[in-house]
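The shown structure was predicted, so the numbers you read here are calculated from the model rather than taken from an experiment.
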Amino acid sequence: TDAVNSANWSVNASTADATGFYETTANDVHDVRQTSGVSISTIAGHKYVIRVKLKGRGRTWAYVNFYNGASHIANFNLSAAGAVGTLTGPVSNAGIELQSDKYYLVTFMASPVGSAVITFAVGSSTGDEGYTFVGDVTKGMDVKNVQFEDVTGQANQNPSEYVSVGVLS
């Protein structure tokens, strides 16, 4: 299911609802993670495109990370036209685009060195790489249309059209 408060997602220093999450007051990383009930593994040498739609709830910076023994992180400024921040790990082709629904479509490509089961996380931040901070229960992030796709060997390495899974309407 798409909702980050479903059984397939867990929270870290956050409380999730059907459309995203709010931070807690902990001095920690504030995110939602797709780990529970999901087993996705990477293959060394393959290229993966990560795409998600984000809208700040009082935060103008977000990060997207997939971890498979090493972090693959892209930071995004969710204000005005949007901007790509710092990229960590074997990450490239990051982009951000403001959509008509006021969400930012953020994308990046990662080429993991090893093969492992991944943990996928989307978090709010206080600035470029501002991951750990005292949270504010009135702030967080709307998260939807999370997509992780292997594009190895494809001529067009853009992600395919988003298709919702587990939603009946």
Exercise for review: Would you check, one step at a time, whether the test side chain to side chain contact (heavy atoms under 4.5 Å, CB included) holds for Ile43 with Tyr48?
Suggested key: CA-CA 10 Å; Ile43 300 170; Tyr48 297 90; 3.7 Å; yes
Review point. Which residues pass the side chain to side chain contact (heavy atoms under 4.5 Å, CB included) test with Leu98, sequence neighbours left out?
Key: Tyr104
Point to revise | side chain to side chain contact (heavy atoms under 4.5 Å, CB included) partners of Glu97, counting only residues at least two apart | key: Gln99
Revision key, fill the gap. In short, salt bridge (charged side-chain N to carboxylate O under 4.0 Å, His left out) pairs touching residues 101-123 with sequence neighbours left out are Lys53-Asp101, Asp101-Lys144
Check your understanding: Step by step, would you call Leu78 with Ile96 a side chain to side chain contact (heavy atoms under 4.5 Å, CB included)?
Key -> CA-CA 9 Å; Leu78 307 179; Ile96 183 169; 3.8 Å; yes
Check your understanding: Other than Trp61, which residues form its hydrophobic cluster under the rule that side-chain heavy atoms must be closer than 4.5 Å?
Key -> none
Practice item. Using the test side chain to side chain contact (heavy atoms under 4.5 Å, CB included), find all partners of Thr132 that sit at least two apart in sequence or belong to another chain. Key: Asn27, Val29
Check your understanding: Would you say the side chain of Val64 lies within less than 4.5 Å of the side chain of Leu54, judging by non-hydrogen atoms?
Key -> yes
Practice item. Enumerate the residue pairs fulfilling salt bridge (charged side-chain N to carboxylate O under 4.0 Å, His left out) with a member in residues 62-73, sequence neighbours excluded, ordered by first and then second residue. Key: none
Review point. Hey, does the side chain of Ser14 reach the backbone of Val11 with a donor-acceptor pair shorter than 3.5 angstrom?
Key: no
Point to revise | Worked verdict on Val4 versus Val122 for side chain to side chain contact (heavy atoms under 4.5 Å, CB included) | key: CA-CA 10 Å; Val4 295; Val122 178; over 6 Å; no
Practice item. Return each pair, listed once, that meets ring-ring contact (aromatic ring centres under 6.0 Å, His included) where at least one residue sits in residues 66-90; pairs must be two or more places apart or across chains. Key: Phe66-His72, Phe66-Phe148
Practice item. Please list, chain by chain and in numerical order, all residues satisfying side chain to side chain donor-acceptor pair (under 3.5 Å) with Tyr131, sequence neighbours excluded. Key: Asn75
Review point. What residue pairs, at least two apart or across chains, pass side chain to side chain donor-acceptor pair (under 3.5 Å) with a residue in residues 80-92?
Key: Thr86-Asp128
Study note, to complete from the structure: Here the gap from Phe108 atom CZ to Ile50 atom CD1, rounded to the nearest 0.5 Å, amounts to 4.0 Å
Point to revise | Single-linkage hydrophobic cluster Leu105~Val143, side-chain heavy atoms < 4.5 angstrom | key: no
Point to revise | Interatomic spacing from CD in Glu149 to OG1 in Thr107 - rounded to 0.5 Å | key: 12.0 Å
Check your understanding: With Ala26, which residues qualify under side chain to side chain contact (heavy atoms under 4.5 Å, CB included), at least two apart?
Key -> Ala13, Thr24, Asp28
Point to revise | Val146 and Phe120: CA distance, side-chain angles, deciding distance, side chain to side chain contact (heavy atoms under 4.5 Å, CB included) verdict | key: CA-CA 10 Å; Val146 176; Phe120 182 83; 3.2 Å; yes
Review point. What's the shortest heavy-atom distance between Ala62 and Met141, and which atoms?
Key: CB-CE, 3.7 Å
Point to revise | Sequence neighbours excluded, every pair satisfying salt bridge (charged side-chain N to carboxylate O under 4.0 Å, His left out) that has a member inside residues 57-77 | key: Asp17-Arg57, Glu23-Arg59, Arg57-Asp142
**Study point:** Distance (rounded to the nearest 0.5 Å) between Lys55 NZ and Thr19 OG1
**Key:** 9.0 Å
Review point. Sub-3.5 Å donor-acceptor pair from the side chain of Tyr63 to the main-chain atoms of Ala121, do we have one?
Key: no
Practice item. Starting at CG of Asp31, measure out to OG1 of Thr119 and round the result to the nearest 0.5 Å. Key: 10.0 Å
Exercise for review: Calculate, to the nearest 0.5 Å, the distance between atoms OG1 and NZ belonging to Thr42 and Lys47 respectively.
Suggested key: 15.5 Å
Exercise for review: Name all residues meeting the ring-ring contact (aromatic ring centres under 6.0 Å, His included) criterion together with Phe133; count only those two or more places apart in sequence or in a different chain, and write none if there are none.
Suggested key: His30
**Study point:** Non-hydrogen side-chain atoms of Thr25 and Val137 separated by less than 4.5 Å
**Key:** yes
Check your understanding: From Met109 CE over to Leu87 CG, what is the distance, rounded to the nearest 0.5 angstrom?
Key -> 12.5 Å
